[in-house]
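Here is the structure we will look at.
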Number of protein chains: 2
Amino acid sequence: MGQGEAKVTAPAFDATVQLFAERQPGQPVDPQCPVRDVLDRIGDKWSTLILGTLATGPHRFSAVQRAIPDISKRMLTQTFRDLERDGLIARTVFPTKPPSVEYRLTPLGVTILEPLASLVRWANQSHAAIRDARQAFDKVV
Amino acid sequence: MGQGEAKVTAPAFDATVQLFAERQPGQPVDPQCPVRDVLDRIGDKWSTLILGTLATGPHRFSAVQRAIPDISKRMLTQTFRDLERDGLIARTVFPTKPPSVEYRLTPLGVTILEPLASLVRWANQSHAAIRDARQAFDKVV
DNA sequence: GACACAAGGTAATTAAGTGAGACCACAGAC
DNA sequence: GTCTGTGGTCTCACTTAATTACCTTGTGTC
């Protein structure tokens with residue numbers, strides 16, 4: 001019934017809002033939208049850390065593990081697989097004495113660094129404000 | 001020991017890489033970094049959807065529920081609380097006949113729209129490539 | 001009086017994500 | 001001949017996240 005609740009609160013970010021609202025304000029959201037898909041990927045615990053590590057250049061399995069010490073081999077393997085499946089990283093096996101494996105960003109993988117960096121920038125700028133908001137909220141409740 | 005694996009693969013995204021690598025390539029990552037904090041927040045299933053909905057203007061509880069039909073009341077309440085705690089949205093109660101509650105983005109909440117939109121843009125541009133990569137991967141494995 | 005709506009709360013249940021550690025094959029060093 | 005390094009896989013246990021279902025308080029409707 002009613003859907004007159006929506007009016008844009010500021011003109012400055014209209015373009016941004018547009019991106020969220022291909023749909024009209026009152027309309028339901030698409031459950032299969034690519035955005036959800038992407039957020040599921042980068043929303044997990046390790047993907048962004050791995051992408052950030054590979055951003056500095058190709059790494060071998062154990063090199064990434066050294067760079068991110070608190071990741072288990074299991075999660076490292078699994079996250080590598082998921083990223084490879086999505087075409088963000090590539091896996092190359094070298095038939096050396098003990099076979100070594102190198103992971104590197106694909107061209108597609110490189111393109112996600114920019115939006116990711118945009119988020120990292122926001123996080124660094126805003127974490128103080130978030131911390132303060134949390135303290136204020138927790139004090140009241 | 002060895003940390004000579006890292007060389008930048010392209011010059012174009014050096015600035016991006018910098019953002020990931022306040023740390024040097026071989027060094028471990030900070031487990032308490034604000035980035036992890038932010039990703040935990042926007043990485044959950046509903047936060048971005050709610051932020052996207054509120055981006056079009058203030059909404060009441062049930063208006064958001066209508067906009068995102070497959071969210072349960074419980075998750076809606078909880079996600080609202082979390083976002084409020086982080087200072088991204090504000091909650092206002094109106095003492096009407098049945099009390100109504102309005103949620104709106106705070107100024108801080110507005111600032112996250114841009115990096116989020118950057119990700120949304122990437123998702124829309126890349127989801128075809130990702131879908132193809134998945135199909136190719138799944139065919140082989 | 002029975003019903004629904006507003007905006008939730010609570011509890012129990014289920015699903016998903018994460019971690020610890022054992023195991024494997026192979027090579028080379030000691 | 002045992003030990004270490006590589007890049008995994010496998011199982012079990014644990015911790016979160018998310019869903020379902022039912023309860024509340026107060027007003028208005030039929």
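The shown structure was predicted, so the numbers you read here are calculated from the model rather than taken from an experiment. Residue numbers begin at 1 in each chain, while the letters A, B, ... track the order of the sequences. Scope of the values below: all heavy atoms of this structure, side chains included, with no hydrogens, waters or symmetry mates.
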Phosphate OP1/OP2 of [N] contacted by [X] side-chain N/O (<4.0 Å):
| X | N | answer |
| --- | --- | --- |
| A:Arg41 | C:dG17 | no |
| A:Arg74 | C:dT18 | no |
| B:Ser62 | C:dA7 | yes |
| B:Lys73 | D:dA21 | no |

Completion exercise
Of A:Pro98 and A:Ser72, the one whose nearest nucleotide on DNA chain C sits closer to the 5' end is A:Ser72
[X] has an atom [atom1]; how far is it from atom [atom2] of [N], in whole Å?
| X | N | atom1 | atom2 | value |
| --- | --- | --- | --- | --- |
| A:Leu76 | C:dA20 | CG | P | 14 Å |
| A:Asp44 | D:dA18 | CG | P | 13 Å |
| A:Ile71 | D:dG7 | CD1 | P | 14 Å |
| A:Glu102 | D:dG8 | CD | C1' | 17 Å |
| B:Gln78 | D:dA17 | CD | P | 8 Å |
| B:Gln65 | D:dT20 | CD | C1' | 14 Å |
| B:Asp70 | D:dA18 | CG | P | 13 Å |
| B:Lys45 | C:dT14 | NZ | C1' | 13 Å |

Side chain of [X] only, please: which of [options] is the nearest?
| X | options | answer |
| --- | --- | --- |
| B:Arg60 | C:dA7, D:dT6, D:dT9 | C:dA7 |
| A:Phe61 | C:dA6, D:dG7, C:dT18 | D:dG7 |
| B:Thr77 | D:dG7, C:dG19, C:dG9 | C:dG9 |

Problem - B:Trp122: which of A:Leu113, A:Leu108, A:Leu116, A:Ile42 passes side-chain contact (heavy atoms from CB on, under 4.5 Å) - result: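 Of the listed options, the one satisfying the test is A:Leu108.
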Handout entry: Closest-nucleotide ordering on DNA chain D, the 5'-leading residue of A:Phe80 and B:Met75
Key =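 The residue closer to the strand's 5' end, by nearest nucleotide, is A:Phe80.
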Practice task
Would you mind reporting whether B:Ile71 and B:Leu49 have side-chain heavy atoms less than 4.5 Å apart?
Solution key: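 No, their side chains stay 4.5 Å or more apart.
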Exercise for the section: State whether A:Arg134 and B:Asp37 are salt-bridged, where the test is any N-O pair (Lys NZ or Arg NE/NH1/NH2 against Asp/Glu carboxylate O) under 4.0 Å. Expected result: yes
Exercise for the section: Might you point out which heavy atoms bring A:Thr56 and A:His59 nearest each other, and give the distance in Å? Expected result: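 So the minimum-distance heavy-atom pair works out to OG1-CE1, 3.2 Å.
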Problem - Closest contact, heavy atoms only, B:Gln65 versus B:Ser72 - result: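 Reported closest heavy-atom pair: NE2-C, 4.2 Å.
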Practice task
Classify the nucleic acid contact of A:Tyr103 as base, sugar-phosphate or nothing, counting any heavy atom under 4.0 Å across all strands shown.
Solution key: sugar-phosphate
